[in-house]
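Below is one structure, written out as structure tokens; the observations come after it.
For ligands, and for the atoms within them, numbers begin at 1 and follow the listed sequence.
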Amino acid sequence: MSCLFCKIVEGKIPSTAVYQDEFLYAFADVNPQAPVHVLIVPREHIASLSDANEKNRELLGHLLLAAAKIARDKDLAKGYRIVVNTGEDGGQSVEHLHLHLLGGRQLSWPPG
Ligand code: DGP
């Protein structure tokens, strides 16, 4: 498997772990865009949100609840943002579904 995030999930490429369980691995983004920037990645390889289906319903909910838990653990009581870049126009650069958890500063809207 040549997928970068699969290699990170498997520990073949080093990363800074933030949280993990049976279904997901969360780690610090190598190029942080905010004081807190965590990537939440399912252990199962799903290329993007567009490739998810009904079988992934529980997993998708689990990813979001994990994001909220990590935000609590990181003291992001003032707020945070979850981003799922999807496809070329969405700015997705790694083809393995992932949530960005961004926080620790005032985030602007709309995004670029
Ligand atoms: P996206 O553009 O939404 O596909 O986000 C991919 C993110 O992955 C981007 O913010 C940078 C991050 N990233 C890319 N390569 C690595 C890596 O080797 N290690 C870590 N920790 N993050 C990476």
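Distances between N or O atoms of V30 and those of ligand 1 include at least one value under 3.5 Å. For ligand 1, none of its N or O atoms has an N or O atom of N31 under 3.5 Å away. The shortest N/O to N/O separation between D29 and ligand 1 falls below 3.5 Å. Note: an N/O pair closer than 3.5 Å links V94 and ligand 1 by distance alone. At least one N or O atom of N85, backbone or side chain, sits closer than 3.5 Å to an N or O atom of ligand 1. For ligand 1, the polar-atom distance check finds an N/O of A28 within less than 3.5 Å of one of the ligand's N/O atoms. Not one N or O of S15 is nearer than 3.5 Å to an N or O of ligand 1, by distance alone.
Note that CG of D29 is 11.0 Å distant from OG of S15, once rounded to the nearest 0.5 Å. If you take CZ on R81 and NE2 on H37, they are separated by 11.5 Å, rounding to the nearest 0.5 Å. Rounded to the nearest 0.5 Å, atoms CG (L101) and CD1 (I40) are 5.0 Å apart.
Contacts between L4 and ligand 1, counted as non-hydrogen atom pairs separated by less than 4.0 Å, involve the side chain only. The proximity of H100 to ligand 1, defined as any non-hydrogen pair under 4.0 Å, is limited to the side chain. With a heavy-atom cut-off of 4.0 Å, L39 touches ligand 1 through its side chain alone.
At distances below 3.5 Å, at least one donor-acceptor pair connects side-chain atoms of D21 with backbone N or O atoms of L24. When atom types are taken as modelled, the side chain of R105 and the backbone of V36 share no donor-acceptor pair closer than 3.5 angstrom. With hydrogens and angles ignored, the 3.5 Å screen pairs a side-chain donor or acceptor of Q33 with a backbone N or O of N31.
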request  = Could you walk me through whether H98 and H100 pass the ring-ring contact (aromatic ring centres under 6.0 Å, His included) test, one step at a time?
outcome  = CA-CA 7 Å; H98 51 282; H100 294 257; 5.2 Å; yes
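Within a 6.0 Å sphere centred on CG of N53, heavy atoms belonging to other residues, nucleotides or ligands number more than 12. For Q20, the CD atom counts as densely surrounded, since its 6.0 Å shell holds more than 12 non-hydrogen atoms of other residues, nucleotides or ligands.
Taking every heavy atom of Q92 and a limit of under 4.0 angstrom, the matching atoms of ligand 1 come to 4 (O). Applying the 4.0 Å criterion to heavy atoms of S93 picks out, from ligand 1, the atoms 1 (P), 2 (O), 4 (O), 5 (O), 6 (C). For ligand 1, the atoms sitting less than 4.0 Å from at least one non-hydrogen atom of F27 are 20 (C), 21 (N), numbered in the order shown with element in parentheses. Using a 4.0 Å cut-off to heavy atoms of I8, the atoms of ligand 1 that qualify are 17 (C), 18 (O), 19 (N).
Ligand 1 has H98 within reach: a non-hydrogen atom of the residue lies less than 4.0 Å from it.
In terms of heavy-atom proximity, Q92 sits nearest to A47 at NE2-O, 3.0 Å.
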